[in-house]
Amino acid sequence: MRQYRFRTKTLLWALILSMILLILPGCGETPPVVVSETPPPSQSAAPEETSDPPEATQPAETTPEPGPTFVGLNGNLRVEGVQLVNEAGDPVQLKGVSSSEVASFGYLVTYEALKNMRDDWDLTVFRIAMYTEDATGYVRNPGVMETVTRIIDHCIDLGIYVIIDWHILYDNTPLKYKDHAVEFFYEISALYGDYPNIIYEICNEPNGPDTTWEGHIKPYAEEVIPAIRQNDPDNIIIVGTPTWSQDVDIAADDPLPWDNLMYALHFYAGSHGQPLRDKIDYALSRGLPIFVSEWGSCLNTGDGPTFHEESMEWIKYLDERMISHVNWAFSVKQEGASILRQKIDVKAKWTDIDLTEGGLFAKYAIKGTKETVLFADGFETKTFSHGKWKRDNATYETENPYKGDYGASIGKDGFLERAVTSVPYENLKLHLAYNFAGGKPGDTVKIDWFNGTDYVPVTELPLVEGWTELDVELPDSASGIRDFSVRITAAVADEETRVLVDEVWLAAEKK
Ligand code: IDC
């Protein structure tokens with residue numbers, strides 16, 4: 001039985017400010033510890049507990065804000081040259097995320113979840129990945145249409161664009177289920193063709209050595225596109241390209257004759273780089289409009305780590321060319337591609353703490369800000385491994401977490417450590433809330449960072465009475481390190497003393 005008692009949350013500004021005054025003089029040469037200036041990871045997250053009364057001038061939270069939506073502002077999209085443009089002829093770049101296999105993961109795609117991303121991420125497009133041949137795919141499970149139409153309706157209500165993706169994969173060639181595709185797209189275009197929100201993606205990723213542009217994809221497109229155009233004369237249609245939608249160069253040499261077509265390029269930053277960008281450059285030079293309707297920051301398996309540097313290079317490249325991009329995938333599977341951690345409440349407002357490392361990367365790629373978050377604790381999932389923490393003498397804290405149901409608790413000389421590359425980032429700041437249970441004078445929380453060889457001390461946070469939330473600025477030398485990690489150590493005297501931490505994230509700016 002633990003001997004300590006928990007203290008109540010103390011978050012008043014006055015107290016925090018007096019804390020800094022206590023902390024600062026002890027810092028010596030180390031960078032200053034500053035009170036949280038950065039907003040919590042999610043700008044839209046409602047403050048959970050605050051004693052401040054709402055300002056009189058603020059509108060009530062429930063007041064709807066009827067400003068024009070993104071689709072309201074941009075209307076019917078079309079293609080001019082290689083560029084997607086809005087109704088007024090101005091270039092537009094859509095940025096968003098894709099569902100995972102929608103029959104299984106469509107339950108995550110609620111109105112609230114889409115609204116969260118629209119309002120907090122500036123998401124402007126959502127892709128519905130409706131698998132074809134899978135057990136739950138359209139061919140065997142046409143009932144998936146109900147999920148598809150529900151999500152389309154949400155997107156229309158929210159004023160964002162929506163891609164309806166015929167997600168061929170193991171079926172290799174789109175010709176295999178061409179008749180189903182014609183039926184499906186005829187029906188969908190009849191239902192929704194009048195809405196400017198709709199984008200059709202007619203074959204996710206043709207693949208396999210026998211599947212060719214001229215022998216399979218083109219003949220398929222030549223039947224599906226007219227079926228759509230009977231009902232919908234002008235919304236955008238995205239056509240997949242050979243080799244898992246990578247060979248846009250081949251399509252560029254032999255394009256299809258309809259207006260408002262774009263061609264799919266898919267990449268996974270851990271697996272694909274400059275050679276694929278060269279293909280895009282070639283295709284653009286031949287006048288082929290490109291739409292990146294699927295990209296991952298991980299490996300092409302859908303798993304593996306987040307490749308920050310490589311992903312950043314890709315996003316920069318796409319943004320410079322105003323090429324639209326859609327991240328894979330809005331899912332809770334334990335794989336690198338998943339945007340969400342498990343146990344998320346998709347009907348609630350969520351914060352960055354609910355996102356995986358890849359999900360955080362996707363959010364800030366979509367939002368386009370210089371500020372970003374490299375990782376967030378993920379303690380709420382109660383899986384340190386999914387949060388990618390290395391730890392020693394550290395466990396969950398369930399009795400008095402700072403926020404949510406779980407925090408972390410570190411015993412004497414124990415630590416929590418999180419590795420992430422800092423190569424493409426600068427101005428690193430570790431955010432955390434900490435507290436002591438049974439702390440004695442002289443106990444501290446040590447913050448160190450790892451430079452690939454050594455642990456470098458940043459600061460020691462002193463004993464506090466109650467939860468204290470702050471940012472610890474890391475020195476400039478912590479930027480640009482491939483094998484970077486940051487470590488939080490309980491430097492306490494007694495075996496029974498615990499250091500409690502919660503709301504941990506690493507904020508930074510993109511270089
Ligand atoms: C992956 C999913 C994974 C699923 C697998 C097979 O991430 O959970 O088990 O499909 O259904 C693609 C595909 C996309 C893949 C993704 C990652 O369009 O369906 O999802 N990927 O492998 N092309 C390249 C990578």
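Atoms within each ligand, like the ligands themselves, are counted from 1 in listed order. One-based numbering along the sequence shown.
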Legend entry - Residue selection (non-hydrogen contact nearest atom 17 (C) of ligand 1) among S98, G302, A129: G302
Inset, instruction - Quick one: which residue pairs count as a salt bridge (Lys or Arg N to Asp or Glu O under 4.0 Å) with a foot in residues 370-383, not counting sequence neighbours? - result: K370-E426
Legend entry - atom 7 (O) of ligand 1: nearest protein contact (heavy atom, Å): E335 OE2, 2.7 Å
Legend entry - Proximal atoms of ligand 1 relative to N204 (non-hydrogen, under 4.0 Å): 18 (O)
Legend entry - Shortest protein heavy-atom distance from atom 22 (O) of ligand 1, along with the residue and atom involved: N300 O, 2.8 Å
Legend entry - Check: E294 N/O within less than 3.5 Å of ligand 1 N/O: yes
Inset, instruction - Measure the distance from atom 8 (O) of ligand 1 to every protein heavy atom, then report the residue, atom name and distance (to 0.1 Å) of the closest one. - result: K333 NZ, 2.5 Å
Legend entry - Heavy-atom gap E101 to ligand 1 smaller than 4.0 Å: no
Inset, instruction - Give a yes/no on ligand 1: does W328 have at least one heavy atom closer than 4.0 angstrom to it? - result: yes
Inset, instruction - Please check if atom CD in E146 has more than 12 non-hydrogen atoms from other residues, nucleotides or ligands closer than 6.0 Å. - result: no
Legend entry - Partner set under ring-ring contact (aromatic ring centres under 6.0 Å, His included) for F361, not counting sequence neighbours: H308
Legend entry - Aromatic centroids of Y268 and F307 separated by under 6.0 Å: no
Legend entry - atom 16 (C) of ligand 1 - nearest protein heavy atom and its distance: Y268 OH, 3.3 Å
Legend entry - Per-atom contacts, ligand 1 versus L169 - under 4.0 Å to a heavy atom: 13 (C), 19 (O)
Inset, instruction - For atom OH of Y170, decide whether the heavy atoms of other residues, nucleotides or ligands shown that lie under 6.0 angstrom number more than 12. - result: no
Inset, instruction - Do me a favour and list the nearest non-hydrogen protein atom to atom 11 (O) of ligand 1 with residue, atom name and distance? - result: Y131 CE2, 3.6 Å
Legend entry - Mode of W244 contact toward ligand 1 - side chain, backbone, both, neither (heavy atoms, under 4.0 Å): neither
Inset, instruction - Examine T301 against ligand 1 and note whether any of their N/O atoms are separated by less than 3.5 Å. - result: yes
Legend entry - Heavy-atom gap H266 to ligand 1 smaller than 4.0 Å: no
Legend entry - Atom CG of D194: over 12 foreign heavy atoms under 6.0 Å: no
Inset, instruction - Scan Y177, Y200, F184 and name whichever one has a ring-ring contact (aromatic ring centres under 6.0 Å, His included) with W166. - result: F184
Legend entry - Atom of V148, atom of I128 and distance for their closest heavy-atom approach: O-CD1, 3.7 Å
Inset, instruction - Please find out if less than 6.0 Å separates the ring center of Y161 from that of F126. - result: no
Inset, instruction - Check the angle between the aromatic planes of W350 and W121 and answer parallel, tilted or perpendicular using the 30° and 60° thresholds. - result: perpendicular
Legend entry - ligand 1 versus Y170: contacting region, heavy-atom distance under 4.0 Å: side chain
Legend entry - Other residues, nucleotides, ligands: >12 heavy atoms within 6.0 Å of K115 NZ: no
Legend entry - Residue H167 vicinity, atoms of ligand 1 by number, heavy atom under 4.0 Å: 13 (C), 14 (C), 18 (O), 19 (O)
Inset, instruction - Indicate yes or no: does an N/O atom of S100 lie under 3.5 Å from an N/O atom of ligand 1? - result: no
